[in-house]
Amino acid sequence: MAIRAATREAIDAAGLALREGALVAFPTETVYGLGADATNGRAVAAIFAAKGRPRFNPLIVHASDAEAAARHGRLGKAGRRLAEAFWPGALTLVVAREPNCPVADLTTAGLQTIALRVPAHPVAQALLRAAGRPVAAPSANRSGHVSSTSAAHVDADLGSSVAVVLDGGSTPIGLESTVVDVSGSEPIVLRLGGVPREAIGRALGQPVAVAKGEPGKPTSPGMLARHYAPAARLRLEVRDVHDGEALLAFGRIVPEHSGVTFNLSASGDLAEAAANLFAALRTLDRPGAATIAVMPIPHEGLGEAINDRLRRAAKLP
Ligand code: TXA
Ligand code: MG
């Protein structure tokens with residue numbers, strides 16, 4: 001696989017590769033995506049093969065703007081409100097599919113709903129315009145691994161099945177998008193992510209609940225417990241570290257520890273912590289430390305999504 005700096009020329013070539021059915025990994029403001037032409041079932045099948053996904057989860061369809069997104073699904077009143085407030089950005093809306101939507105059935109795993117996102121990252125925007133069609137893109141990592149936040153992570157995780165990785169540096173948010181299902185009578189958060197739940201509630205004018213993850217349930221497979229698991233065990237909310245453990249720290253005051261440490265944010269900034277989270281798990285999850293001790297993270301703003309990922313990585317319900 002080739003890593004290429006995301007120049008105009010590389011982006012145009014990648015857009016052409018997408019139209020020809022190849023896979024292209026690209027940066028978004030959340031994490032790197034593994035993209036394919038969403039209307040090409042064979043290309044989308046190649047995504048599942050490259051990721052080694054055990055089953056066909058529905059994928060997010062990326063569009064360059066809200067108008068293009070609305071051609072594929074019916075946003076409805078709540079969806080339009082959220083789109084206005086957060087697109088382009090780290091929000092994915094699950095809506096009813098338009099009957100004549102050209103997106104392949106495999107992309108939506110045969111569901112009558114479709115997950116739509118308009119990313120803000122300039123490289124993602126330029127690629128979507130160069131491709132001139134909707135792009136299906138899950139996070140660019142092997143199934144069960146943490147999401148990739150740099151081109152090097154994509155390269156380490158995915159094989160030669162990817163035509164090119166557009167290198168746009170580290171992804172600024174570092175957590176996946178918040179997935180909100182607006183296809184039912186009440187909006188509900190299917191996956192916590194880059195847009196805090198409180199912000200969603202403010203835009204809707206009412207608080208929004210988080211779906212209880214029933215593992216394997218097709219409407220919210222993003223809640224699959226193992227999704228974010230590193231190989232090491234995780235011990236959460238620790239105040240003191242044991243010998244031989246790696247330490248995932250947060251904040252200015254860190255417990256005494258002789259082993260390897262990664263501080264998500266020494267200043268206690270949750271946005272910085274989110275941006276560092278997956279790289280930190282990758283760094284600490286290597287042979288040597290069987291357990292990663294994790295300091296408490298405040299459960300507010302982006303902290304809610306960070307704690308959600310950590311609980312999944314710890315294989316807690
Ligand atoms: O930030 C992100 O969202 C990244 C970037 C690349 O856009 N993408 C990403 O995709 O995280 P993926 O495939 O790893 O996660 C997509 C999530 C999954 O939890 C999936 O189950 C959910 O969206 N999803 C997709 N379509 C759905 C649908 N029709 N109904 C319910 N959930 C859906
Ligand atoms: Mg993923």
Side-chain angles (χ1 to χ4, degrees), residues 23-36 38 44 47-48 50-53 55-63 69 72-73 86-97 101 103 105-121 123-125 127-128 134-149 153-154 157-158 166 168 171-184 188-195 210-211 213-229 274 278 305 308-309 312-313:
L23 301 185
V24 170
F26 62 98
T28 80
E29 67 275 31
T30 57
V31 297
Y32 273 73
L34 176 59
V44 172
I47 289 181
F48 292 106
K51 281 184 69 90
R53 270 206 177 167
R55 65 184 105 196
F56 294 149
N57 289 347
L59 304 177
I60 296 173
V61 174
H62 298 71
H72 305 306
F86 301 110
W87 278 354
L91 172 75
T92 295
L93 292 173
V94 172
V95 305
R97 249 183 98 122
C101 161
V103 166
D105 281 337
L106 184 58
T107 306
T108 53
L111 298 172
Q112 293 310 305
T113 52
I114 183 168
L116 297 170
R117 177 169 173 229
V118 177
H121 196 290
V123 174
Q125 275 285 332
L127 178 65
L128 287 166
V135 171
S139 49
N141 52 278
R142 280 193 70 79
S143 185
H145 291 192
V146 296
S147 297
S148 298
T149 54
H153 291 167
V154 180
D157 237 38
L158 296 169
L166 290 174
T171 55
I173 295 177
L175 284 178
E176 300 87 345
S177 61
T178 302
V179 180
V180 183
D181 185 347
V182 290
S183 69
I188 185 160
V189 173
L190 297 184
R191 178 178 73 183
L192 294 159
V195 178
V210 180
E214 269 176 54
K217 192 175 154 221
T219 50
S220 55
M223 312 298 277
L224 275 179
R226 269 207 71 254
H227 203 81
Y228 300 96
F278 291 135
D308 170 77
R309 298 299 184 279
R312 287 171 202 283

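First listed ligand is number 1; within each ligand, the first listed atom is number 1. Below, each value reflects all heavy atoms present in this structure, side chains not excepted, and no hydrogens, waters or symmetry copies. Model, not experiment: these values are computed from the prediction.
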Would you sort out whether R191 and R309 count as a side chain to side chain contact (heavy atoms under 4.5 Å, CB included), showing the intermediate values?
CA-CA 10 Å; R191 178 178 73 183; R309 298 299 184 279; 3.8 Å; yes
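- Residue-ligand proximity, L190 to ligand 1, at heavy-atom distances under 4.0 Å covers atoms 31 (C), 32 (N).
- Using modelled atom types, one side-chain atom of E29 and one backbone atom of H121 make a donor-acceptor pair closer than 3.5 Å.
- Between R191 and ligand 1, an N or O atom pair is found at a separation short of 3.5 Å.
- Proximity of V31 to ligand 1 is established by a heavy-atom distance of less than 4.0 Å.
- If you look at D181 next to ligand 1, there are no close heavy atoms at all, none under 4.0 Å.
- Atoms of ligand 1 found under 4.0 Å from any heavy atom of G33 (numbered from 1 in listed order, with element): 6 (C).
- When each atom of ligand 1 is checked for a heavy atom of A115 under 4.0 Å away, the hits are 25 (C), 26 (N), 27 (C).
- With T178 contributing its side chain and G193 its backbone, the two residues share a donor-acceptor pair below 3.5 Å.
- In this structure, NZ in K51 is found 11.5 Å from CG in L23, a value given to the nearest 0.5 Å.
- Of the polar atoms of T113, at least one N or O is found under 3.5 Å from an N or O of ligand 1, judged by distance alone.
- Using modelled atom types, one side-chain atom of S148 and one backbone atom of A140 make a donor-acceptor pair closer than 3.5 Å.
- Any N or O atom pair closer than 3.5 Å counts here, and T92 shares no such pair with ligand 1.
- In this comparison of S183, P138, A96, the heavy atom closest to atom 10 (O) of ligand 1 sits on P138.
- A side-chain donor from one of S177 and T92 sits under 3.5 Å from a side-chain acceptor of the other.
- At least one N or O atom of T30, backbone or side chain, sits closer than 3.5 Å to an N or O atom of ligand 1.
- Distance alone, capped at 3.5 Å, places no donor-acceptor pair between the H72 side chain and the C101 backbone.
- Considering backbone and side-chain atoms alike, R117 places an N or O below 3.5 Å from some N or O of ligand 1.
- The distance from atom CZ of R117 to atom NE2 of H62, rounded to the nearest 0.5 Å, is 5.0 Å.
- Residue contact check: I60 has heavy atoms under 4.0 Å from atoms 3 (O), 8 (N), 9 (C), 10 (O), 16 (C), 23 (O) of ligand 1.
- In this structure, OG1 in T149 is found 10.0 Å from CG in L175, a value given to the nearest 0.5 Å.
- Between the side chain of R142 and the main chain of A50, a donor-acceptor pair closer than 3.5 Å is present.
- Backbone or side-chain N, O or S atoms of N141 do not reach the Mg ion (ligand 2) at under 2.8 Å.
- Taking any N or O of S139, backbone or side chain, at least one lies under 3.5 Å from an N or O belonging to ligand 1.
- Heavy-atom proximity to A137, at under 4.0 Å, picks out these atoms of ligand 1: 6 (C), 8 (N), 10 (O).
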